[in-house]
Structure formats: C-alpha cells, structure tokens
Number of protein chains: 2
Amino acid sequence: MIPLSGPFIEEDDINRVIAVLKSRRLSMGPFTEEFEKLIAEHTGARYAVAVNSGTSALHLILKSIDPKGRYMLVPSFTFIASANVALFEDKIPLFVDIDERTFNTSPSNLEDILTRIEKGKYRYNGQKVRIEDVCCFMAVDIFGHPLDWDEVTKIAERFGVTVIEDSCEALGSEYKGKKAGTFGVAGAFAFYPNKQITTGEGGVIVTDNEDIAKLSKSMRNQGRGEGGQWLLHVRMGYNYRIDEMSAALGVSQMEKIDRIIGMRNRVAERYGKLLENVEGVRAPIVEDYVTKMSWFVYVILLDKDVNRDNVVDYMETHGIQVRNYFQPVHLQPFYRKMGHAEGELPVTEDVSKRTLALPFYTDISEEDQKVVVETLKNAIEKVKA
Amino acid sequence: MIPLSGPFIEEDDINRVIAVLKSRRLSMGPFTEEFEKLIAEHTGARYAVAVNSGTSALHLILKSIDPKGRYMLVPSFTFIASANVALFEDKIPLFVDIDERTFNTSPSNLEDILTRIEKGKYRYNGQKVRIEDVCCFMAVDIFGHPLDWDEVTKIAERFGVTVIEDSCEALGSEYKGKKAGTFGVAGAFAFYPNKQITTGEGGVIVTDNEDIAKLSKSMRNQGRGEGGQWLLHVRMGYNYRIDEMSAALGVSQMEKIDRIIGMRNRVAERYGKLLENVEGVRAPIVEDYVTKMSWFVYVILLDKDVNRDNVVDYMETHGIQVRNYFQPVHLQPFYRKMGHAEGELPVTEDVSKRTLALPFYTDISEEDQKVVVETLKNAIEKVKA
DNA sequence: AACGGTCCTGAAAGGGGTATCATCACACCA
DNA sequence: TGGTGTGATGATACCCCTTTCAGGACCGTT
C-alpha cells in the first residue's frame with residue numbers, strides 16, 4: 001500500500017525526544033523556546049509562539065487582535081478550522097470564491113464581495129452586512145501555494161480589512177522572496193504528521209506585532225500574567241501549550257527544513273514529469289510570483305468528464321491512498337444548517353469535485369511515484385471507458 | 001534544589017515513545033485507543049476519550065451535554081479552567097464556597113445557594129438567577145481528595161442539576177469503593193507533568209453515557225462524522241486530539257498506575273509523620289469515606305498567625321520550591337472585572353491565604369522530605385519570631 | 001400588455017439579555 | 001428620634017440581534 005502521506009522521522013528526531021524524556025521537563029521547557037526561535041529565524045518574523053495545533057494558532061491570533069465586527073471573510077475551499085475559528089468567537093464566516101488555477105482565494109471575487117458590502121448590496125441571512133462589521137479576512141495559502149499577496153493586500157487595505165494569514169500549509173514557501181506567514185498581521189503554521197515538518201500535533205503563530213505575541217503567549221497558558229506571574233490569570237485563556245516532546249521534534253525537523261523542502265520539491269518535479277503523459281488531468285500550477293514553493297500536498301485537477309469518485313475507488317482498491325480534498329466548508333453538514341447551499345461559490349464547488357491528492361511525502365520513492373501515476377492512468381482510462 | 005513536582009519517567013516509558021516515532025503514526029493511532037482502554041478499565045467507566053488537556057476534556061463534556069441555562073455552579077478554590085470552560089460556552093460561573101477540612105466544595109453551601117436560587121433570592125449582576133437557568137455543577141475533587149459524593153449527588157438530584165466531575169487531580173482515588181471520575185455524567189482527568197501520571201500535555205474524558213462519548217470523539221477531531229466519514233464535518237469541532245507520543249507515554253504510565261499511587265501514598269505518609277512535630281501547620285485531612293487516596297499535591301494549612309508569603313520566600317531562598325495554590329478563581333484579575341470581589345466566599349478566601357503545597361512527586365526521597373520539613377520548621381519559627 | 005411569481009430589500013416587530021433606576025428596609029449615627 | 005447611607009429587590013428601559021413581513025422590482029408566461 002502506498003500511503004497518502006507520512007512524517008519524515010530520522011535518528012536525530014528520535015534522539016531529541018529521548019533527551020526530553022530524560023530531562024524530566026515535559027512541558028514549558030527549553031525546546032519550546034528553541035523551536036520558536038528556529039521558526040522565527042526561518043520565516044523572518046520577529047516573534048513566534050508555539051501552540052498545540054494550527055487551529056489553536058488561528059484561534060489565538062483572532063483572540064489577540066480582538067477585531068470588531070461580526071463577520072469574517074474566508075475561503076470555503078480550505079480546511080474547516082480556517083472558518084471554525086470565527087464560530088469560536090461568535091463571528092460569522094462569509095465565504096469567498098477561489099481562482100481555478102491555484103485554488104487560492106480569487107482577489108477579484110474578494111474585491112467584488114467587499115465592494116458589494118460597501119454598497120450595502122451584500123446580505124447574510126436577510127441582514128445587510130456593513131463594511132465596518134467585517135472584522136477580518138482569513139487568508140489561506142492553500143496547499144502550500146502563496147496567495148497573490150500584492151493584490152490581496154491592496155484590496156484589504158482599500159477596504160480597511162485586517163488580514164490574518166492561515167499559512168498552516170505553507171511553511172517555507174515564498175511570495176516574491178518573502179516567506180509565507182509574514183503577510184498578514186500574524187500567520188499560523190501547523191505541524192500535523194502530513195505537513196512539511198511535524199511535531200505530532202502542533203502549531204505556531206508568527207508575527208511582528210508585539211501585542212499579538214504577548215497576548216498569544218498568555219492565552220495559550222490559561223491567560224497567565226507576564227513576568228513569571230504564575231498564579232495570576234489576568235485574562236481569559238486556554239490550554240494551548242505545546243508539550244516538550246513535540247517541541248523537540250519540531251526543533252530537529254526545523255534544523256533540516258531546507259533539505260526537507262528540497263526533497264519534496266524533487267517529488268513534485270517527478271510527478272510533474274510523469275503526469276505529462278497522462279490525459280485528463282492537470283498538474284498543480286505554480287505561479288511566477290512564487291519564488292519558493294514548499295509543497296504540502298500534490299493536488300491534481302481532473303477533467304470534467306472524469307468521474308473523480310470512481311478514480312478514488314479504483315486507486316484505493318489498487319493499494320494507493322488518495323484523497324479528494326477539500327470538501328468546501330460551506331457545504332459541510334453543519335454549515336448547511338446555517339443556511340449555506342450549492343450554488344453559492346461556483347468555482348469552489350466545481351474544483352472541489354475534481355481535485356485529487358496523490359500520495360505525497362518527503363521520502364516517497366521514485367518507483368512508488370511511477371506506480372501511482374501508472375495506476376492513475378489506468379483508472380482514468382477505465383473510468384472514461 | 002528540591003523541586004515542587006516532577007514526572008516519573010522510566011525506561012519503559014521512553015521505549016514506548018521511541019516505538020511511536022519508528023511507527024510513523026504520530027497521531028490518531030493505536031496508542032490513543034490503548035490508552036483509552038486502560039483508563040476505562042482502571043476507572044470502571046464504559047467509555048474513555050483521550051484529548052490534549054484536562055481543559056479540553058472539561059470543555060468537551062460541557063459541549064457534549066449541551067445543557068440549557070446560562071449559569072454554572074463551580075467552586076472558586078480550584079484551577080481556573082474549571083470555571084473558564086463555562087466562559088468558553090458563554091455561560092456564567094457562580095461560585096460555591098468550600099469546606100475548611102478537605103478544601104472541597106461545601107455541600108451545605110451548595111445546598112444553601114441552590115435553595116436561595118429556587119426562592120428567587122440569589123442574584124448575579126443585579127439579575128435574579130432562576131433555578132432553570134442553572135445548567136450544571138462543575139464538581140471538583142480537589143488535590144485528589146474526592147468530594148462527599150453521597151451528599152453532593154443528593155443535593156444535585158433534588159434541584160435537578162446536572163453534575164460534571166472535574167476529577168483532573170484525582171486519578172485513582174476512590175469514594176466508598178468507587179473511582180473518582182465516575183460520579184457525574186462524565187469525568188475529566190488531566191496529565192500535566194505534575195499529575196499522578198503524565199502524558200506531557202493531555203487529558204481524558206470518562207463516561208458511561210454513549211452520546212457524550214460519541215460527541216466528544218467527534219468534536220475533539222474537528223467535528224468529523226462517525227464511521228470513517230473523514231472528510232465530513234457534521235458538527236462544530238476543535239482540534240483536541242492527543243498525539244501518539246503522549247498517548248504512548250500514557251499507556252506505559254497506566255500500566256504502573258497502582259505502583260505509582262502506592263509510592264505517592266508512602267510519600268504522603270512520611271510527610272504526615274514528619275509534620276507531627278511541626279507547630280503551626282495542619283497536615284491534609286483524608287475523610288473516612290475516601291477508601292483510596294491518590295495524592296496529587298500535598299497541601300498543608302498554616303495557622304492564621306503564620307505569614308504564608310514569608311514562609312514561601314524562606315523556603316524558596318533555601319532551595320525548596322513550594323507553592324501557594326490555589327488563588328481563588330473569583331479573585332483572579334479578569335474575574336474581578338466581571339464584578340467579583342473579596343468577601344464573596346469567606347472560607348475560600350481564608351484558606352487560600354494559608355495553604356502551602358510542599359514538594360511532592362512519586363520518587364522524592366525520604367531525605368529530601370526531611371529537609372523540606374526541617375526547612376519548613378525553621379521558616380515558621382523565623383516568621384513567628 | 002397584463003398577470004403572477006420570485007427575489008430583493010428596507011423596515012418593523014419581537015425576544016433575550018443587560019444595565020439602570022426607584023423604592024424599600026434596615027442599620028448606623030448624630 | 002430622625003436623617004443618612006447601604007444593600008437588596010422589583011420594575012423598567014434599552015440595546016442588539018434575529019426574524020418576519022410587506023412593498024417593489026424584475027422576469028417569465030400567457
């Protein structure tokens with residue numbers, strides 16, 4: 001069986017974790033700080049705050065900036081947590097459609113929605129959405145591919161909308177020479193085992209904003225006060241701490257981040273070459289403004305006449321794990337209950353029916369990749385026939 | 001330096017974690033299930049759901065039972081998360097005072113408050129609290145010592161109030177032969193490194209209620225559907241998953257839980273003997289209904305004429321870590337902002353000024369304990385003089 | 001061209017929660 | 001004994017959000 005994904009764990013990773021266990025410091029120790037330092041250095045952000053998941057990172061950013069306004073703009077073609085954090089704070093997600101090439105938020109659709117809101121032409125549940133009610137835009141660098149940040153920033157600034165960067169899938173990617181995660185007021189990364197680097201479960205916040213860093217650090221630790229005020233809880237807080245084993249893993253993984261990204265780039269290149277001979281599929285597009293691509297997953301787009309679900313079945317029965325993500329957030333069962341339905345986001349809904357993630361991990365072998373593409377070719381022929 | 005606390009990590013614990021790293025399953029794997037099985041067996045609960053913290057466990061229980069009513073009863077002499085989970089769900093904590101002997105919620109004060117509520121004599125922020133607005137009682141087994149569950153259950157049933165058991169500090173304790181965590185509709189445990197057993201960061205929910213178990217499992221994993229519906233999110237959810245390294249640690253720790261509790265009991269016994277010769281302190285009281293005591297921390301009560309803060313300073317400067325917990329929740333800065341103030345809970349406020357937690361961990365040596373008690377004796381003499 | 005249906009949109013009503021105020025009782029003090 | 005201050009209590013007003021309704025524009029049909 002060729003799995004969809006998997007972590008890249010070597011001897012040095014294991015040794016780091018052992019060191020933690022022998023140190024008897026299993027939480028809030030030196031590895032957390034070291035991990036944060038490495039992330040900050042790598043991204044170029046001034047501050048990094050490690051937490052226990054990407055979801056926690058997004059939540060704490062939102063809490064820290066505490067933006068006024070009940071609505072949050074967010075794409076629907078993303079992991080559900082991007083939108084859920086709005087619900088955590090009793091805010092309402094408003095969905096933006098995507099661009100068919102990169103699967104990222106379409107700047108023109110973003111601009112269109114904001115224009116309609118400004119003109120009083122945009123409604124949610126029968127209610128007019130005012131521009132001052134839009135608290136922020138949760139901007140996602142999907143599958144590792146950065147947004148068109150010049151465009152997005154320009155639009156957001158024009159309408160006075162704060163941008164949070166959900167760069168959970170894009171650690172190491174660069175837009176015009178600048179690292180993903182550094183474009184909004186703060187950025188979030190995630191380190192689930194299928195990510196570029198893993199900490200088991202884990203995430204991190206990066207920001208140049210001192211207040212966000214300070215508040216996030218406090219709120220991840222039950223709202224405790226600064227300066228060793230250990231027993232004082234000065235604000236609302238959560239337990240979003242990362243444990244030391246995870247942080248230690250993060251340290252050893254970050255020490256070889258460039259090598260990992262390089263290996264993943266070669267995997268992507270090989271897929272690209274192999275897919276040139278396959279009819280009915282479109283390989284991922286990397287736009288020119290992406291000066292460095294850090295692949296999270298390798299998602300191809302099937303032609304409209306290829307039944308994706310049948311391809312998935314064929315691949316799975318032939319021992320190859322694939323996945324059809326993302327299902328649009330606005331069509332998830334409990335978002336439907338909030339009034340969303342098909343037709344709201346044409347590109348998102350079309351694309352989400354045709355995407356297919358191929359097995360992709362740092363140390364996948366060339367042979368396995370060939371098997372994947374051969375099986376895919378067979379699947380498409382079978383499905384079309 | 002003699003630390004306040006520390007985890008008890010042995011060779012087998014380390015080996016389990018190594019096994020995880022070599023398995024390439026760093027999340028949602030077999031150790032999580034094994035850990036849950038061991039917890040369920042040990043407590044006698046039908047279901048166990050492992051999560052990433054005790055706070056997450058409490059939150060998911062509250063979410064799962066989704067109780068009607070805006071107010072939650074909770075002691076103030078507890079860790080802040082017991083009360084914070086109410087705020088997570090836009091509910092308002094109403095504080096109950098404690099018993100001076102065990103530091104646990106005073107059943108008579110609980111009864112008194114509920115009676116006043118029923119008679120329309122209880123107000124919060126000027127507003128009358130109605131009995132049907134009380135969603136539940138967050139019952140805490142403080143420092144490992146079980147509540148007087150016969151009394152608490154009787155009162156809660158009389159007023160129709162749901163009980164959630166915050167047994168985060170009481171893994172292994174028994175009330176009249178029944179394990180802590182099994183008295184409310186569900187119980188929560190926590191495994192921070194200072195706890196009886198540790199997973200780094202981690203927690204677990206135990207319950208006999210199938211719905212609570214099912215909902216908790218879904219909501220810890222982003223609200224995903226049951227039965228392998230991996231891409232469907234059928235309800236609101238969080239990332240409260242425990243990672244496999246932590247779960248593996250939990251497995252090896254649970255395999256020796258009886259030995260650990262036994263060792264901690266001997267530590268407590270030794271402290272008890274040593275403290276018999278110390279004036280001005282009261283050793284912890286264990287009530288007769290506690291058929292098995294699983295010590296979390298060892299908290300002594302200083303006489304009113306002993307200045308606790310000076311004792312703390314003395315001990316710390318003499319290389320012995322101690323702690324004055326808990327600071328009452330209702331007097332934490334951001335609870336004060338909600339209108340709470342001194343005078344609300346006389347016993348809680350008195351006790352919290354006089355408690356002192358001594359260094360306490362599974363493998364503390366008898367020699368170190370003697371040093372602790374000798375230093376304490378000197379501290380008290382110095383302070384009184 | 002007239003009719004009817006749908007969708008859009010503004011406005012108003014309803015409800016829940018919160019804050020404020022007036023009143024009353026009680027206690028303390030002059 | 002009366003005045004003042006404090007705290008408890010009931011009532012009220014207000015604010016915000018949400019739902020509903022009615023009018024009107026638009027479009028398709030007859």
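A, B, ... follow the sequence lines: proteins, then strands. Residue 1 opens every chain. Any value given below was found using the heavy atoms of this structure, including those in side chains, with hydrogens, waters and symmetry copies removed. Just so it is clear, the structure is predicted and the values come from calculations on it, not from any experiment.
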Legend entry - D/dT9 phosphate, OP1 or OP2, under 4.0 Å from B/K128 side-chain N/O: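 Indeed not, no polar side-chain atom of B/K128 lies that close.
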Inset, instruction - Test A/V351 against every option in A/D99, A/I98, A/L345 by the side-chain contact (heavy atoms from CB on, under 4.5 Å) rule and name the one that passes. - result: A/I98
Legend entry - Any side-chain donor near an acceptor of the partner, B/E89 and B/H59, under 3.5 Å: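 A donor-acceptor contact under 3.5 Å links the two side chains.
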Inset, instruction - Go through the side-chain N and O atoms of B/S218 and B/R235 and say whether any donor and acceptor fall under 3.5 Å apart. - result: yes
Take the protein atom [atom1] of [X] and the nucleotide atom [atom2] of [N], then report the distance between them rounded to whole Å.
{"X": "B/Y122", "N": "D/dG10", "atom1": "OH", "atom2": "P", "value": "16 Å"}
{"X": "A/I117", "N": "C/dT9", "atom1": "CD1", "atom2": "C1'", "value": "16 Å"}
{"X": "A/Y124", "N": "C/dC8", "atom1": "OH", "atom2": "P", "value": "16 Å"}
{"X": "B/E344", "N": "D/dG7", "atom1": "CD", "atom2": "P", "value": "14 Å"}
{"X": "B/R116", "N": "D/dT9", "atom1": "CZ", "atom2": "C1'", "value": "14 Å"}

Legend entry - Among A/H330, A/E349, A/E344, A/Q332, side-chain hydrogen bond (donor to acceptor under 3.5 Å, both in side chains) partner for A/S76: A/H330
Legend entry - Per-nucleotide protein contact string for nucleotides 12-22 of chain D, where B marks a base within reach and S marks sugar-phosphate only (heavy atoms under 4.0 Å, - for neither): -----SBB---
Inset, instruction - Name the orientation class of the two ring planes belonging to B/F95 and B/H340 (parallel below 30°, tilted from 30 to 60°, perpendicular beyond 60°). - result: perpendicular
Inset, instruction - Taking only Lys NZ, Arg NE, NH1 and NH2, and the carboxylate oxygens of Asp or Glu, determine whether A/K217 and A/E210 approach each other closer than 4.0 Å. - result: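 Result for this pair is no, no salt bridge flagged.
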Legend entry - A/K121 side chain, from C-beta outward: closest of D/dT9, C/dT9, D/dG10: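 That would be C/dT9.
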